[in-house]
Every structure is written in C-alpha cells, then in structure tokens.
2 protein chains.
Amino acid sequence: MKLNTKSRYAVMALADMAVFSTSKAVSLRDISLRQGISLLYLEQIFLKLKKNNIVKSIRGINGGYILSKSPKDIKISEVLLALDQKVKTIGCKKDSKKSCNGKSSKCITHNFWDELDLHINSFFESKKLSDLLKNKESRI
Amino acid sequence: MKLNTKSRYAVMALADMAVFSTSKAVSLRDISLRQGISLLYLEQIFLKLKKNNIVKSIRGINGGYILSKSPKDIKISEVLLALDQKVKTIGCKKDSKKSCNGKSSKCITHNFWDELDLHINSFFESKKLSDLLKNKESRI
DNA sequence: CAAAACTTGACTATTTTAGTCGGGTATATA
DNA sequence: TATATACCCGACTAAAATAGTCAAGTTTTG
C-alpha cells in the first residue's frame, strides 16, 4: 500500500515553500535543488496545484510560486485531490451495478473496505500543511 | 492509494470460509465459485496463508482448507502480512543513510508519513476477521 | 486406481508509475 | 527592447508492479 511520488513530492514542495517563502515567490528551481526533486517533474506537479488553486504563479524573471492560502488553511486532503490521488483501497464501486466481482450484491467485505477508506481519508482531512512544520516534538 | 487484489481476495476468501465453513474443510473451488475469484489465483494466495499458519490444508478428495484459529482471533494485519502487503506509504526508510531523496537528514515531511503508516496499521491491527461478519448495522 | 484437491515455481500480458522531452509564453531588468 | 529566467503544457517512454495463467506435480479418499 503506497502513496505515489507525485503526491509525496507535492506535499514536500509545499512544506518547503511554507518554510522558505516569506513573501516573495519561490522558484521551482530552488525547490528542486533543496528537496532533490526533478525540476521537470515539479513543473507537472505545480500545474495541478495551480489549477486547484493551492498555489499562485508569478511569471517572468524573478517569478515563481506562492501559496494561495496560509499553511494552516491548506488541508492535505486538498493536495491529494489536486493530484488525482484518490484513496480507494479496492476497486468495486459503491453504487455501480457492475461491482464486487460482477455480483450485484455487495461482497461480504464491502463495508470493511469502505470503513478503511474513511479511516484514511479522515486522517488527510484532519491534517493541515502547518501541522507538518512543527517537526521536532511532533504532537500526535 | 490502493490495496492490491491479492490482499483483498485473501480477506474475502477468509470471510467466506468463516461464514460457510462449519467444521469441514472448504475447497478453493467452492470459494472460487462463490466469490468470483480465479481458482488458480486463489491457490497462490492460500499458499501464503498456509505458510503463515492462518489456514490449514487437508489434502485429497474432500479436502480443502480450514481456519487455523477462530475468526475473532485472526487480525486483518496478520493476513496482510502473510501476503507481503506492507503499509509503507512512501519509499524512504527510517534508518537508512540513503533516504529522503539522497539527503542524510530526514526530509521535512518524514514524520508525517510515519504517522500516516501508523494510522493505517493501527486500523488493520484493531480489526478481526469476525468484525467483518457483522455485516448489517456495522458498528464503527 | 482414479478423481478431487492441494503444491509449487515459472512465466506473461497489461497497467501503472515515474519520470523526460520539446516546444512554447510571459515578464522583469539591464 | 533584448534576453534570460521561469512558468506552461501536451506527448512520449522505460521500467516496475500487478494480476493473473500455465505446467507439472503430490497426496489422499472412495
């Protein structure tokens, strides 16, 4: 059970911005160097973050990105959603006829997987970008 | 973020056994038909369940599998472990030198991912096979 | 002995992932 | 106003993981 790198890098990059950006834009080049993430890959990621209004871009020389909101108002669940990273631990859809291995009735374990998804989503829903920055002595 | 089908089928199959098996062995053929899972695939899965002492096999005609323990003593975490399905949401290892994108220092978000893994694992740890069977009116 | 059912390792097609590539466009500053 | 810097965006691809299948057994009961 893994998270893809796009989602992970997105969170890393945003955390980086929250730490290093004061008021001026942060260039992807800087993030790339600090976090060891490919610049070209970051571009792909930030395109989605921008579309979902998590960051704003400033073009031209001295340009870069800034956070659209305060870190304490950015939920991790938002970020994952922007990256199309859905938590859907199993395939069969709740409301589809064609589900649960082709049977119309819910498979015996169906509710369990729904519960699992809920459990994970609630975690992402509860965490804000600002929570990641209290790095030392992280209070759980 | 997905669970692989092997883990899912394993849980489904065990739940099936818990429901349909009284005392006699359940053949994979029966599980295959009831749950719509390929017989050949089930064989692969049960090999691992057997190695990890979650089920016992009975060979020969009228053979099959029985649960090694009572459903209320089988934790879902055990089942996933048997299938090598580790919850490791990101790649970088806690104690490795080569981690967090090649930097020796922990990446800024490292603690967060650890927390996430813990959160998911505790769910699997807390759930028993028997919990899946109280299907209607599932109490969370 | 024959059939049912478990045993095991190897193989493979498909899908997903994790990026790269190429060719843009906008803008601040010299 | 030239140009370097940095964002913009779709298309492409190599490698890995997934989801199985296949072949060739062994064991046990009727």
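Remember, it's a predicted structure, so these values are computed and weren't measured experimentally. Throughout, protein chains are lettered first and strands after them, A, B, ... in sequence-line order, and every chain is numbered starting at 1. All heavy atoms count here, side chains included; hydrogens, waters and symmetry mates do not.
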Open item on the list: Check Lys69(A) with Glu78(A), please: is the shortest side-chain N to carboxylate O separation under 4.0 Å?
Closed with: yes

- [ ] Before accepting this row, confirm whether a basic side-chain N of the pair Lys88(B)/Asp117(B) lies closer than 4.0 Å to the acidic partner's carboxylate O.
- [x] yes

Open item on the list: Once ring pair (Phe, Tyr, Trp, His ring centres under 6.0 Å) is applied, what residue pairs with a partner in residues 51-87 of chain A remain, sequence neighbours excluded?
Closed with: Phe46(A)-Tyr65(A)

TODO: Give the B/S/- string for nucleotides 13-23 of chain D, one per nucleotide from 5' to 3', where a protein heavy atom under 4.0 Å of the base yields B, of only the sugar-phosphate yields S, and otherwise -.
DONE: ------BBBB-

Open item on the list: Output the rounded distance in Å from CG (Asn62(B)) to C1' (dT27(D)).
Closed with: 14 Å

Task: Ion pair check, Lys48(A) and Asp84(A), cut-off under 4.0 Å - done: yes

Task: Distance, rounded to the nearest Å, where Lys51(B) contributes NZ and dC6(C) contributes C1' - done: 13 Å

Open item on the list: Side chains of Ile108(B) and Asp16(A), heavy atoms from C-beta outward: is any pair under 4.5 Å?
Closed with: no

- [ ] Give a yes/no on whether any side-chain N or O of Lys50(B) is located under 4.0 angstrom from OP1 or OP2 of dT7(C).
- [x] yes

Open item on the list: Could you tell me how far apart Arg59(B) (CZ) and dT27(D) (P) are, to the nearest whole angstrom?
Closed with: 6 Å

- [ ] Could you say whether Gly60(B) or Leu47(A) is positioned toward the 5' end of DNA chain D, judged by the nucleotide with the nearest heavy atom to each?
- [x] Leu47(A)

Task: Nucleotide dC7(D), atom C1' - distance to CG of Asp30(A) in whole Å - done: 14 Å

Open item on the list: Could you check whether Ser38(A) and Tyr9(A), counting side-chain N and O atoms only, form a donor-acceptor pair closer than 3.5 Å?
Closed with: no

TODO: Would you mind reading off the distance between Lys24(A) atom NZ and dA28(C) atom P, rounded to a whole angstrom?
DONE: 14 Å

Task: Salt-bridge contact Asp131(A)-Lys72(A) (side-chain N to carboxylate O under 4.0 Å) - done: no

Open item on the list: So, OP1 or OP2 of dT7(C): does either fall under 4.0 Å of a side-chain N or O from Ser57(B)?
Closed with: yes

Task: Atom pair distance, as rounded to whole Å: NZ in Lys56(A) and P in dA6(D) - done: 21 Å

TODO: Answer with base, sugar-phosphate or nothing: what part of the nucleic acid does Phe46(B) contact at a heavy-atom distance below 4.0 Å?
DONE: nothing

Open item on the list: Tell me the interatomic distance from Leu42(B), atom CG, to dA5(C), atom P, rounded to whole angstroms.
Closed with: 14 Å

TODO: Quickly work out the Lys88(A) NZ to dT16(C) P distance and round it to whole Å.
DONE: 15 Å

